[in-house]
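A quick note: this is a predicted structure, and the numbers were derived from the prediction, not measured.
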Amino acid sequence: MITELFLQGWLAGMLLTLVTGPLGSFIVWRRMTFLSDTLSHSSLLGLAGGIFFNINPFYMVLFLLLILSLFIVILEQDLYLSLDLILGIMTNSAVSLSMIIFNCISEKNRIDVSNYFFGNLLKITLFDVVMVAMIITIILLILYIYWNKILLCSINPELAIIEGVNIFKIRLIFMFITTLTIIIAIKLIGSLIITSLLIMPAAISKRFSSSPEQMAILATIIGMFGMTSGIIISILFSFPISSSIVLSLLIFFVISYMIK
């Protein structure tokens with residue numbers, strides 16, 4: 001039974017890495033590493049709001065992150081302040097407000113938020129795996145259709161404008177699929193860990209890649225190895241799964257700097 005639970009969690013994790021590799025690469029290219037932190041940490045506000053208003057937290061998180069994504073794209077379009085500064089303000093404000101709401105929630109409605117912070121792959125059901133597979137397929141299809149435009153907007157926005165690309169639309173699409181990925185990841189590995197899965201494989205693969213496509217593929221493979229080795233470490237030493245995954249990626253990151 002335990003083996004079956006680990007297998008379902010591992011399978012869901014493998015599916016997740018299919019999109020975290022390419023999306024993480026785009027985030028690194030755009031130098032927006034704070035973006036994943038902002039979206040994942042702001043999801044805490046959606047969870048608190050969902051409990052406070054007695055609404056399914058998933059729908060509240062989805063609604064909040066989509067609104068936030070639209071707001072970020074609008075700010076990015078016509079920005080007078082540094083985007084990292086705006087994202088930092090958003091992150092701290094959302095976390096602070098969510099803590100206040102949690103404090104206001106009555107004792108009987110309190111929940112264990114540790115699962116939300118760090119996820120729980122052992123609680124993944126076969127139905128969850130099927131749902132993750134369906135959403136990942138949609139995200140991959142969108143990535144396939146808009147790959148060249150997202151890549152052009154990420155690397156050279158000025159050239160994208162000259163080529164007639166609608167930057168606002170492309171950025172909105174990118175934010176939408178990133179938001180969907182983070183929402184899936186929250187259930188699997190938690191809101192505090194998803195940033196590592198997005199950023200660290202892409203940061204490692206960047207040192208060994210000669211093209212954007214190669215970097216995205218290598219980041220996906222590294223993410224898969226990190227996910228698998230993290231689960232194995234967790235089984236062998238009874239460590240928390242999400243923390244073990246981050247530890248594995250950190251080891252890969254250090255080794256990559258020793259090699260090159």
Side-chain angles (χ1 to χ4, degrees), residues 10-37 39-40 76 83 132-133 135-163 165-167 169-182 184-185 188-189 193-232 245-260:
W10 175 81
L11 187 56
M14 290 297 100
L15 290 169
L16 181 64
T17 55
L18 290 176
V19 293
T20 54
L23 291 178
S25 299
F26 281 123
I27 290 174
V28 170
W29 289 327
R30 297 179 68 181
R31 298 180 179 178
M32 292 177 64
T33 53
F34 221 155
L35 172 66
S36 53
D37 271 337
L39 292 178
S40 58
E76 196 178 7
L83 185 59
V132 169
I135 296 174
I136 294 297
T137 301
I138 294 172
I139 294 173
L140 286 175
L141 184 61
I142 294 173
L143 266 177
Y144 176 76
I145 294 172
Y146 291 100
W147 176 267
N148 289 332
K149 290 182 179 178
I150 295 176
L151 182 62
L152 187 57
C153 290
S154 300
I155 295 178
N156 197 331
E158 290 78 14
L159 181 58
I161 294 174
I162 295 172
E163 292 286 334
V165 176
N166 187 334
I167 290 185
K169 174 186 170 184
I170 297 302
R171 284 175 174 168
L172 202 58
I173 290 171
F174 174 74
M175 293 295 290
F176 174 71
I177 57 179
T178 302
T179 299
L180 275 183
T181 302
I182 289 175
I184 298 170
L188 302 181
I189 59 175
I193 308 297
I194 176 57
T195 299
S196 300
L197 193 59
L198 280 168
I199 302 304
M200 293 175 74
I204 297 169
S205 66
K206 187 178 181 182
R207 301 177 62 81
F208 300 94
S209 304
S210 56
S211 69
E213 290 77 13
Q214 194 179 65
M215 178 177 165
I217 293 172
L218 186 56
T220 302
I221 295 172
I222 293 170
M224 289 180 170
F225 274 105
M227 181 72 69
T228 304
S229 56
I231 291 175
I232 292 173
I245 293 169
V246 175
L247 180 63
S248 297
L249 292 173
L250 176 62
I251 293 172
F252 291 160
F253 185 78
V254 173
I255 292 174
S256 73
Y257 267 78
M258 293 173 67
I259 294 175
K260 189 174 181 180

Approximate separation, where rounding is to 0.5 Å, of L23 CG and L18 CG: 11.0 Å
Any side-chain heavy-atom pair from V165 and I170 closer than 4.5 angstrom? yes
Could you report the tightest heavy-atom contact between P22 and W147, atom names first, then the distance? CB-CZ3, 4.1 Å
Note: Q214 and F208 closest approach over all heavy atoms is OE1-O, 3.8 Å
CD1 of I135 to CG of L15, rounded to nearest 0.5 Å, is 11.0 Å
Can you confirm whether more than 12 heavy atoms, excluding those of F225, are under 6.0 Å from its CZ atom? no
Smallest separation among heavy atoms of S25 and A219, with atom names: OG-CB, 3.9 Å
Between S205 and V28, is any pair of side-chain heavy atoms under 4.5 Å apart? no
Flag the pair L180 / F176 as yes when at least one side-chain heavy-atom distance between them is below 4.5 Å, and no otherwise. yes
Taking every heavy atom of L249 against every heavy atom of M200, the minimum-distance pair comes out as C-CE, 3.5 Å
Nearest heavy-atom neighbours spanning G226 and S229: O-OG, 3.3 Å
Where does the angle between the aromatic ring planes of W29 and F26 fall among parallel (under 30°), tilted (30 to 60°) and perpendicular (over 60°)? perpendicular
Tell me the closest heavy-atom pair linking A185 and L16, and the distance in Å. CB-CD2, 3.8 Å
Roughly how far, to the nearest 0.5 Å, is CD1 of I199 from CD1 of I194? 9.0 Å
How many angstroms lie between atom CG of L250 and atom CD1 of I255, to the nearest 0.5 angstrom? 10.0 Å
Could you grab the distance from atom CD1 of I136 to atom CE of M14, nearest 0.5 Å is fine? 12.0 Å
First locate atom OG1 of T181, then atom CD1 of I139, and finally report the distance between them rounded to the nearest 0.5 Å. 3.5 Å
Decide yes or no on side-chain contact (heavy atoms from CB on, under 4.5 Å) for F174 and C153, but give the supporting numbers first. CA-CA 10 Å; F174 174 74; C153 290; over 6 Å; no
Test side-chain contact (heavy atoms from CB on, under 4.5 Å) on T20 and T17; report intermediate values, then the result. CA-CA 5 Å; T20 54; T17 55; 4.0 Å; yes
